[in-house]
Amino acid sequence: QVQLVESGGDLVQPGGSLRLSCAASGNIFSTEAMAWYRQAPGKQRELVARITSGGTTNYADSVKGRFTISRDNAKNTVSLQMNSLKREDTAVYYCNADIRIRGFLGLYNYWGQGTQVTVSS
C-alpha cells in the first residue's frame, strides 16, 4: 500500500508565499514523475507543475516564474514553493505520483488527499 500525504496549505495574503510538501510512503521501489495539481471551486482539476525523476520540470503558464517544484528522490518527497500568490491561486492542491511498487511490475498512479490554499486579504 502506498500513501501520499500533503502538508503546508494555509490562508495567505496576496503577494505572499507558501511551501507545500508531499511525502510518499509504503512499499515503494521507486517514484517516477511527481506532480502538483489544483482544483478551484466549480473548475476542473488542472496540472500546476510536474517533475520527472531526472529533474525535468514543466509548469502551467499561469504559475511560471512564481512557483518552483522540487523533489528529493531518496526521501520520496516533492515540494512546491509558491511565491507572489494571487487570489486566483486559491484551490485545493493535490500531490500526484507515478510509483513502482516492490514485487509488482508496472507503474501505478497515486493521489494525495489534497491541501487547501486560500489567497485572500
Side-chain angles (χ1 to χ4, degrees):
Q1 188 75 314
V2 171
Q3 283 189 318
L4 299 183
V5 178
E6 302 107 332
S7 61
D10 206 344
L11 170 65
V12 63
Q13 292 188 344
S17 297
L18 274 180
R19 185 176 181 85
L20 304 182
S21 296
C22 172
S25 63
N27 194 26
I28 297 171
F29 177 75
S30 67
T31 53
E32 303 300 324
M34 303 184 82
W36 289 95
Y37 286 74
R38 67 185 180 187
Q39 188 167 19
K43 294 188 176 182
Q44 288 188 331
R45 192 173 296 190
E46 63 174 357
L47 176 67
V48 176
R50 181 177 181 271
I51 184 168
T52 68
S53 57
T56 300
T57 59
N58 62 283
Y59 297 90
D61 288 343
S62 59
V63 307
K64 282 180 182 176
R66 300 188 298 122
F67 291 10
T68 302
I69 190 170
S70 59
R71 65 186 289 167
D72 185 329
N73 290 336
K75 297 181 179 179
N76 294 320
T77 60
V78 62
S79 297
L80 186 68
Q81 178 66 41
M82 304 186 294
N83 299 328
S84 302
L85 282 161
K86 305 176 180 180
R87 288 182 174 82
E88 51 265 42
D89 295 318
T90 295
V92 178
Y93 284 70
Y94 296 91
C95 177
N96 179 269
D98 290 327
I99 294 175
R100 297 190 187 279
I101 310 299
R102 292 185 188 279
F104 292 85
L105 295 175
L107 209 55
Y108 297 85
N109 187 260
Y110 290 90
W111 290 91
Q113 81 287 352
T115 186
Q116 177 69 47
V117 172
T118 302
V119 184
S120 175
S121 54

Results of ring pair (Phe, Tyr, Trp, His ring centres under 6.0 Å) for Tyr59 - residues two or more places apart only:
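Counting only residues at least two positions away or on another chain, Tyr59 forms no ring pair (Phe, Tyr, Trp, His ring centres under 6.0 Å).
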
Please give me the minimum heavy-atom distance between [X] and [Y], naming the atom from each residue.
| X | Y | answer |
| --- | --- | --- |
| Ala24 | Ile99 | CB-CD1, 4.2 Å |
| Leu4 | Gln113 | O-OE1, 3.4 Å |
| Gln39 | Ala91 | O-CB, 3.5 Å |
| Leu47 | Ala60 | O-CB, 3.4 Å |
| Leu20 | Gly9 | CD2-N, 3.6 Å |
| Tyr94 | Arg45 | CZ-NH2, 3.5 Å |

Listing request: all disulfide (SG to SG under 2.5 Å) pairs with a residue in residues 15-121, at least two apart in sequence or in separate chains.
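Passing the test, one end in residues 15-121: Cys22-Cys95.
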
What is the distance from atom [atom1] of [X] to atom [atom2] of [Y], rounded to the nearest 0.5 Å?
| X | Y | atom1 | atom2 | result |
| --- | --- | --- | --- | --- |
| Leu107 | Asp98 | CG | CG | 4.5 Å |
| Glu6 | Gln116 | CD | CD | 12.0 Å |
| Ile28 | Gln1 | CD1 | CD | 11.0 Å |
| Leu11 | Ser121 | CG | OG | 9.5 Å |

Kindly check if the number of other-residue, nucleotide or ligand heavy atoms within 6.0 Å of CD (Gln3) is above 12?
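Not buried by this count: 12 neighbours or fewer within 6.0 Å.
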
Going by the rule side chain to side chain donor-acceptor pair (under 3.5 Å), which residues pair with Ser62 if we only count those two or more places apart in sequence or in a different chain?
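So Ser62 forms a side chain to side chain donor-acceptor pair (under 3.5 Å) with Arg38.
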
Side chain to side chain donor-acceptor pair (under 3.5 Å) partners for Gln81, two or more places apart
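Partners of Gln81 under the side chain to side chain donor-acceptor pair (under 3.5 Å) test: Arg19, Asn83.
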
Can you hop from [X] to [Y] via hydrophobic side chains spaced under 4.5 Å?
| X | Y | value |
| --- | --- | --- |
| Val78 | Val2 | no |
| Phe67 | Trp36 | yes |
| Met34 | Val117 | yes |

Check the pair Glu88 / Thr90 against side chain to side chain donor-acceptor pair (under 3.5 Å), numbers first and verdict last.
CA-CA 5 Å; Glu88 51 265 42; Thr90 295; over 6 Å; no

Run the side-chain contact (heavy atoms from CB on, under 4.5 Å) check on Tyr93 and Met82 step by step: do they pass?
CA-CA 12 Å; Tyr93 284 70; Met82 304 186 294; 3.9 Å; yes

Just to verify, what does Arg100 make a salt bridge (Lys or Arg N to Asp or Glu O under 4.0 Å) with, not counting sequence neighbours?
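With neighbours one apart ignored, the set is Glu32.
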
So, does Asn73 use its side chain to make a donor-acceptor pair with the main chain of Ser53 at under 3.5 Å?
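Flag set: sc Asn73 to bb Ser53 pair under 3.5 Å.
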
For side-chain contact (heavy atoms from CB on, under 4.5 Å), just list the numbers for Val92 and Thr115, CA-CA rounded to whole Å, side-chain angles, deciding distance to a tenth of an Å, and then say yes or no.
CA-CA 5 Å; Val92 178; Thr115 186; 6.0 Å; no

Is there a side-chain contact between Thr68 and Leu80, using heavy atoms and a 4.5 Å cut-off?
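Answer no - side chains too far apart.
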
Parallel, tilted or perpendicular: which one describes the rings of Phe104 and Tyr108, with boundaries at 30° and 60°?
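Plane angle over 60°, so perpendicular.
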
Pairs where residues 66-78 contributes a residue and the test salt bridge (Lys or Arg N to Asp or Glu O under 4.0 Å) is met, not counting sequence neighbours:
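Found Arg66-Asp89.
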
Please confirm whether Trp111 and Tyr37 have ring centers closer than 6.0 angstrom.
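Yes, they do, as the ring centres are separated by less than 6.0 Å.
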
